[in-house]
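Here is the structure we will look at, set down as structure tokens.
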Amino acid sequence: MDVIKFLDLQKINAQYSKELKEAANRVIDSGWYVLGKELEAFERNYASFCGTNSTLGVANGLDALRLIFKAYIELGVMQKGDEVIVPANTFIASVLAISDNGLIPVFAEPDAKTFNLDSSKLEAAITKKTKAILTVHLYGQISIDQRMMEICNEYNLKLIEDAAQSHGAQWNGKVSGAIGDAAGHSFYPAKNLGALGDAGAVTTNDEPLANTIAALRNYGSHKKYENRYQGLNSRLDELQAAFLNVKLKHLQGDIAGRRKVAKYYLEHITNPSILLPEVVHNKGHVWHLFVIRTANRDKLQEYLYQHGIQTLIHYPVPPHKQRAYRSFNHMSFPIAEQIHKEVLSLPVSNLEDMEVIKRIVLIINNYDN
Ligand SMILES: *Cc1c(COP(=O)(O)O)cnc(C)c1O
């Protein structure tokens, strides 16, 4: 029996192999490899996809988030020592982007059913030093609701989206990356919109912020050899931009394929020891990951492995329990910690053969906890 892979990137990119090779040839032959026409085209295309005035290509998703905070500091909107609220159950990059800028991450609990920030718990985390909420659209579902928007208005907080997993998800007629004040996107190969290497972007309608990031990603320079800020080298190169222009054209089809798999899982997994993810509304979810919960997670993972099904855990250890954040290790966020103990990600992509998905569901439904 063949092993059912968690995600087959080779097959995913093979679908677009001809177009990707043409794009690579175009860049190789152009003689221009950084900050050129391919990036300009991708920035226009992705801004139009998200519905924002600006998109700035950067080196990766972590840098996209780091640069947003760095730019707010340069603009005087935030200063070192200010606090940023972030979910306690996220990928470490969300937290690194905050602490790397000398800002203080303040963890808030998620809702155990959607895995996203619980807006009813946000006010308790706000102090005089709070300047922003970095909300994470985890697993591909929009994490913003009306209450969160009201809280940001009331307390004058910037709302920043970690949109690394949610390309194309929608809320209230707006697309992921166009809902808050600014958003960081990742095009890491395994993301729904994946490059063939590292890449990321910031989207925003805030013009001063966009101009500052445009300089910060390029040594802090608006004009060659004139440096306004102490910037970084964080650029999205022409080759990756060319690949992303190809893959962006196929993103809606990819999302449709993922939704089909997720719908099947949601309708057919009936094992009472398994908790399915709660969908707030269909357009709001693009199913970067299909994440279930179960009390004996490691046992279920081993059982599925024995039956030839690869699964992954996103993520086994919460940021506040990592050695990198030793000063937070004593803190307790019971909901986030329970999520990290119980989650398991099932295979999902636009390539899935529905017969294989049916087999996965049958095996899961036969699992005896
Ligand atoms: C992938 C990811 C990032 C970081 O993106 P990179 O491109 O890998 O730097 C940030 N936040 C979340 C939630 C992610 O999943």
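All residue numbers in this chain count up from 1 along the given sequence. Computed from heavy atoms alone, side chains included, the values below leave out hydrogens, waters and symmetry copies. Order of appearance sets the numbers: ligands from 1, and atoms from 1 within every ligand.
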* Asked: Got a sec: does the CG of D368 have more than 12 other heavy atoms crowding it under 6.0 Å?
  ->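 Atom CG in D368 is not packed in, count stays at 12 or less.
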
* Around atom NZ of K21, are there more than 12 heavy atoms of other residues, nucleotides or ligands at under 6.0 Å? ->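 Count not over threshold, so no.
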
* Asked: Who's closest to atom 2 (C) of ligand 1 heavy-atom-wise, of K191, H314, R66?
  ->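 Ranked by closest heavy atom to atom 2 (C) of ligand 1, first place is K191.
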
* To do: Return the option from A64, A190, A93 holding the heavy atom at the smallest distance from atom 10 (C) of ligand 1.
  =>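 Looking at heavy atoms only, the winner is A93.
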
* Aromatic plane relationship, Y303 with Y367 - under 30° parallel, 30 to 60° tilted, over 60° perpendicular ->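 It falls in the tilted class, 30° to 60°.
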
[Y] ring center within less than 6.0 Å of [X] ring center:
X	Y	result
H167	F49	no
F243	F42	no
H314	Y139	no
F107	Y325	no

* Would D162 count as a contact of ligand 1 if the rule is a heavy atom under 4.0 Å away? ->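 Yes, D162 has heavy atoms under 4.0 Å from ligand 1.
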
* Does ligand 1 have any atom that is closer than 4.0 Å to a heavy atom of H288? ->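 No.
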
* **Heavy-atom closest contact (L236 atom, V58 atom, distance)** =>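 Closest heavy-atom pair between L236 and V58: CB-O, 3.4 Å.
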
Only heavy atoms of [X], strictly under 4.0 Å: list the atoms of ligand 1 that pass.
X	result
V136	13 (C)
A164	2 (C), 3 (C), 10 (C), 11 (N), 12 (C), 14 (C), 15 (O)
G61	5 (O), 6 (P), 7 (O), 9 (O)
L62	4 (C), 5 (O), 6 (P), 9 (O)

* ligand 1 versus N60: contacting region, heavy-atom distance under 4.0 Å ->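 The part of N60 near ligand 1 is both the backbone and the side chain.
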
* Asked: Just heavy atoms, cut-off under 4.0 Å: does D198 contact ligand 1 by side chain, backbone, both, or neither?
  ->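 Neither part.
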
* To do: Look at atom 15 (O) of ligand 1 and say which protein heavy atom is nearest, naming residue and atom and giving the distance to 0.1 Å.
  =>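 It is Q165 NE2, 2.8 Å.
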
